[in-house]
Amino acid sequence: MQKKHNAKKPWTVFIAILLAIAVGCVIEKETLIWKISVYDVFDTIGNLFLNALTLVVVPLVSSSIISGIARMGGDGNFGRLGAKMFFFYLTTSLAAILIGLFFVNLIGPGQYETPVPVSDTIATQLSTLKEQVTTNSGATFLTILQQIIPSNILMALSKGHMLSLIFFSLLFGYCITKIDSQPATTLNHFFQGIFQTMIRFTQIVMKVLPIGVFCLIAKVFMTTGISSLKSVALFFVTVLLALAAFTFIALPLFLRLIAQVSPLKHFRAMAPALITAFSTSSSSATLPITIDCVEKRAGVSNRICSLVVPLGTSINMSGSALYECVAAMFVAQAYGIHLDFPTQFLVVLMALITSIGVAGIPSASLVAILVILKVIGLPPEGLGLFIAVDRILDMCRTTVNVFSDSCCAVLVAKSEGEKNVLVQEVNLSQDS
Ligand code: ASP
């Protein structure tokens, strides 16, 4: 039987975040205590936490999808679910991009920016990114498409190709429904067992959430520092306002008007996943916690969660899409290039398409932004204008990516008539 799921004490994580920002701003990256680098200690502990989460992704996602599909019984429900899922992915991402476009036009952060020659460090970062774009040039979409059907599933998994994993698991689950009932039941139980075990595993890792969050955030602030925010403060504020409008106005409207659930309850249900996304800047690493929250705290069935959340983590990047649009428009403004309506439409389209290919890892959007700049004919050096603040904005857009996926899961679940979605008050005062 599934154990009752309790929540983490939210205040411990909240204190950890505040403490980490304070420590990160005060202690310098080179600081040594008893000849030990403080940064290295935070880096090691943070990476251990990240590794423990990432470790769960493959077995959790595969067992979740396989048992979900196998239970659906291959009765054609998948087509309907898939259509709804893609509809919500598309509408939420489009809403996010249009909100970004609105704010960047309204505030015009780039108008106050004069492009200056980029520093050496940024130039190196830029050339690495440019190389990535050139290697993938033109083939980005085709490369993603080819990843879906791998010739060797183990090799694909070792490279962390989520789409291959999802495709393989979907087909595997479907085939289980087509074999004799006895081995099918055995396999079903087997994968359900793995799924439940992996959820327990995730909950154990979450016990050290405040420590992991502290180390990861302190590390970011030790390297980025508050001072870098000043240089592109207006860009920073524009992105934050747009992300906030999408998260606190647009998505709650979707939840309230379409799904008819309380957005506040959903925020409370998703709190552990949102905090993890914020501190790790990786929606892939957060995936185990997102699945746990959507199923156990928001009450979405495994049948829907197992499909909508992992697939959303791979292809539905609303926060990243918004960011890409604002960043491209910002560069155009900074270089004094006026983008007419058709070109702005192209930016929106490109943001939507490239966000599908953005991996759920830190700074993945930068490559997509370079692609957009290239297509629109803007100077790639424009990236150097805001790259210094990218990491902190990454924490925010990743949180939005994860929240948007969870909203899509709720929207699909409610449209399928699920009765248990967000009915129970999430108890945040208990520890797991
Ligand atoms: N870090 C983001 C994520 O994991 C991707 C990005 O926008 O860079 O969702």
Side-chain angles (χ1 to χ4, degrees), residues 46-47 49-51 53-54 56-57 61 89 92-93 96-97 99-100 125-126 128-129 132-133 136 140 144 160-163 212-213 216-217 219-220 223-224 235-236 239-240 242-243 246-247 251 270 273-291 293-294 308-328 330 350-373 383 386-409:
N47 283 339
F49 175 67
L50 260 181
N51 288 353
L53 280 179
T54 316
V56 188
V57 172
V61 171
Y89 287 164
T92 47
S93 287
I97 300 172
I99 289 174
Q125 263 175 295
L126 257 175
T128 324
L129 284 167
Q132 282 181 39
V133 176
N136 297 330
T140 331
I144 298 170
H161 290 166
M162 282 291 288
L163 289 176
V213 163
L216 290 169
I217 296 184
K219 206 180 93 174
V220 171
T223 36
T224 307
F235 169 74
F236 193 79
V239 175
L240 284 192
L243 286 175
F246 176 63
T247 312
L251 285 177
M270 292 309 297
L274 302 183
I275 290 164
T276 312
F278 182 77
S279 51
T280 58
S281 291
S282 167
S283 35
S284 281
T286 311
L287 184 54
I289 300 183
T290 314
I291 291 180
C293 290
V294 170
V308 183
V309 177
L311 207 60
T313 303
S314 303
I315 62 174
N316 182 41
M317 300 281 188
S318 310
S320 301
L322 179 156
Y323 180 69
E324 288 174 25
C325 174
V326 175
F330 170 73
M350 285 300 295
L352 195 62
I353 296 171
T354 52
S355 70
I356 295 174
V358 166
I361 53 170
S363 299
S365 280
L366 290 180
V367 177
I369 295 170
L370 266 189
V371 174
I372 299 180
L373 295 182
L383 209 71
F386 60 89
I387 209 166
V389 290
D390 178 71
R391 193 64 173 78
I392 294 179
L393 290 173
D394 196 2
M395 297 160 87
C396 305
R397 64 178 185 260
T398 308
T399 312
V400 177
N401 287 342
V402 168
F403 189 63
S404 170
D405 291 338
S406 73
C407 288
C408 288

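When a ligand or atom number is given, it counts from 1 through the structure's own listing order.
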Legend entry - Shortest non-hydrogen contact from Ser320 toward Ser365: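 Heavy-atom minimum between the residues: CB-OG, 3.4 Å.
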Inset, instruction - Over 60° means perpendicular and under 30° means parallel, so classify the ring planes of Phe235 and Phe386, tilted if in between. - result: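 Tilted: the ring planes of Phe386 and Phe235 meet at 30° to 60°.
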Inset, instruction - Mind checking side-chain contact (heavy atoms from CB on, under 4.5 Å) for Thr313 and listing every partner two or more places apart, or none if nothing turns up? - result: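 Thr313 satisfies side-chain contact (heavy atoms from CB on, under 4.5 Å) with Ser283, Ser284, Leu287, Val309, Asp405 once adjacent residues are dropped.
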Legend entry - Main-chain N/O of Asn401 paired with Ser404 side-chain donor or acceptor, under 3.5 Å: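 Absent.
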Legend entry - Residues in the immediate environment of ligand 1 (any heavy atom closer than 4.0 angstrom):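 These residues qualify: Ser281, Ser282, Ser283, Met317, Ser320, Val358, Ala359, Gly360, Ile361, Pro362, Ser363, Ala364, Ser365, Asp394, Arg397, Thr398, Asn401.
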Inset, instruction - Find out whether Leu393 and Leu240 are in side-chain contact, i.e. whether some heavy atom of one side chain is under 4.5 Å from a heavy atom of the other. - result: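 Yes; the side chains approach each other to less than 4.5 Å.
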Inset, instruction - Just do the side-chain contact (heavy atoms from CB on, under 4.5 Å) check on Asp390 and Arg397 with the steps written out, would you? - result: CA-CA 10 Å; Asp390 178 71; Arg397 64 178 185 260; 3.2 Å; yes
